[in-house]
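First the structure, in the form of structure tokens, and then the observations on it.
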Amino acid sequence: MRLLPEYTIAMDGSTGQPITSTCDPKKLSNYFADRVTPHHLTRVYIRREVLHRYTAQPPATGSKPAG
């Protein structure tokens, strides 16, 4: 089973809590199923400095880097 990350896509203006979304195709809407989530083909634009938050963390699988 492949674990797919959830990303913060916005902040709730009334509560200040993050609004997250996933890239898991089984949880996203598509042409045949509306899962009250973004469509699986919806484009997402992420600024490089925001993406760094996700890429700078070591993998959660416990694997060691090669080398």
Side-chain angles (χ1 to χ4, degrees):
M1 185 169 122
R2 191 170 82 172
L3 296 176
L4 298 170
E6 289 203 1
Y7 297 95
T8 300
I9 57 171
M11 297 299 283
D12 186 320
S14 61
T15 65
Q17 295 295 314
I19 298 171
T20 61
S21 186
T22 181
C23 55
D24 184 348
K26 293 177 184 175
K27 295 181 181 178
L28 295 172
S29 296
N30 58 46
Y31 293 114
F32 308 105
D34 182 3
R35 297 185 175 104
V36 193
T37 58
H39 191 275
H40 76 284
L41 295 177
T42 300
R43 291 182 181 183
V44 176
Y45 299 95
I46 303 173
R47 292 188 314 268
R48 191 175 301 268
E49 62 270 13
V50 173
L51 189 59
H52 179 71
R53 176 182 340 166
Y54 298 99
T55 60
Q57 296 176 5
T61 60
S63 62
K64 296 179 181 178

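Sequence positions, counted from 1, serve as the residue numbers for this chain.
For Ala10, the side chain to side chain contact (heavy atoms under 4.5 Å, CB included) partners at least two apart in sequence or on another chain are Ile19. Remark: Thr42 engages no residue in a side-chain hydrogen bond (donor to acceptor under 3.5 Å, both in side chains) (not counting sequence neighbours).
Residue pairs that meet the ring pair (Phe, Tyr, Trp, His ring centres under 6.0 Å) test with at least one member in residues 14-33, sequence neighbours left out, are Tyr31-His39. Judged as a side-chain hydrogen bond (donor to acceptor under 3.5 Å, both in side chains), the pairs with a partner in residues 15-28 (not counting sequence neighbours) are, in order, Glu6-Thr20.
Residues Ser29 and Asp34 approach most closely at OG-OD1, 3.4 Å, considering heavy atoms.
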